Amino acid sequence: MHSDSNDYAYLAANWAAVRARVDAACRAAGRDVAEVSILPVSKTFGPEVVRAAMALGLKRFGENKVQEIRSKAAALAGADIEWVVIGHLQTNKAKDVARLASEVQSLDRLELADALHRRLQLEGRVIDVLVEVKTSPEESKHGLPPAQLPAFLDALRGYDTLRVRGLMTLAVPSDDPEAVRACFRQLRRLRDASRTQGHDLPRLSMGMSGDFPLAIAEGATEIRIGTAIFGGRSGKPETYGTERNN
Ligand SMILES: *Cc1c(COP(=O)(O)O)cnc(C)c1O
């Protein structure tokens, strides 16, 4: 159990390397680095790794399974951490989310908004949410179909426990940078169109380890980085975009 902090020296090196790449992507895009924040995605890594990351000054962590938030939050009770839900959420997890999460980036249907709202009212809490939009043509992906976004945003005005702050997406997994970039561009355009409809959505959460420079070029304000900070989730299949164990 006991581990030396030097065991995690790679975290500091990875974090510095990601920061440098973000800075370079911002410069290339003519953007101010202060406009882009990094959400470390700690899924599949244990509380000791999260604790080591906290020593680097990180306090928000993205997770895609509520069960993992539960166990890590218990192991790290009292620590100054904000848990951000980024994976597909089943409504029966709303209770734990309302209790433990500071933010949900995967809000994609009214049934879920309803369940979260009821539980948040009971907890007396208000959380930030991003609407997850499906910009990738693959059928398996979660997220709201883009055409439904205007009506969905209007409906969300009815939930005073949910502060709608922006949009989130996962790009198509593709080797073709233009295909990936088109997903990010679509999210930005949807955000711009929502503004004219009276919705102020400052945040665009898009870009992961493999594609974040493209997302920054298209206007991301937040990138979600797992592998490039914490290393490979070896032996574990990618679970985002599926319902596995969530
Ligand atoms: C796992 C995950 C990420 C991070 O992916 P990496 O490729 O490891 O950086 C980002 N967003 C979501 C929704 C995820 O599930």
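When a ligand or atom number is given, it counts from 1 through the structure's own listing order. None of these values were measured; they are calculated from a predicted model.
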Within 6.0 angstrom of Arg181 CZ, more than 12 heavy atoms from elsewhere: yes

Identify the residue among Arg224, Arg163, Arg203 that makes a salt bridge (Lys or Arg N to Asp or Glu O under 4.0 Å) with Glu103. Arg203

Residues Arg19, Asp23; criterion salt bridge (charged side-chain N to carboxylate O under 4.0 Å, His left out); working and verdict: CA-CA 6 Å; Arg19 281 245 50 114; Asp23 290 358; 3.5 Å; yes

Hey, is Lys43 close enough to Glu63 for a salt bridge, meaning N to O under 4.0 Å? no

Taking only non-hydrogen atoms of Ser209 and a 4.0 Å limit, the atoms of ligand 1 in range are 6 (P), 7 (O), 8 (O), 9 (O)

Does only the side chain of Ile86 get under 4.0 Å from ligand 1, or the backbone, or both, or neither? Count heavy atoms. both

One finds that the ligand 1 atoms under 4.0 Å from a non-hydrogen atom of Arg224 are 4 (C), 9 (O), 10 (C), 11 (N), 12 (C), 13 (C)

With a 4.5 Å cut-off on side-chain heavy atoms, are Leu100 and Arg70 touching? yes

Which of the numbered atoms in ligand 1 are below 4.0 angstrom from a heavy atom of Thr227? 6 (P), 7 (O), 8 (O), 9 (O)

Please list, one pair per line, the donor and acceptor atoms closer than 3.5 Å that link side chains of residues 144-152 to other protein atoms, with sequence neighbours excluded.
none

Ignoring angles and geometry beyond distance, decide whether Gly226 reaches within less than 3.5 Å of ligand 1 through its nitrogen or oxygen atoms. yes

Applying a 4.0 Å heavy-atom criterion (strictly less than), which segment of Gln105 is in contact with ligand 1: side chain, backbone, both, or neither? neither

Atom indices of ligand 1 within 4.0 angstrom of Ile225 heavy atoms, with elements: 9 (O)

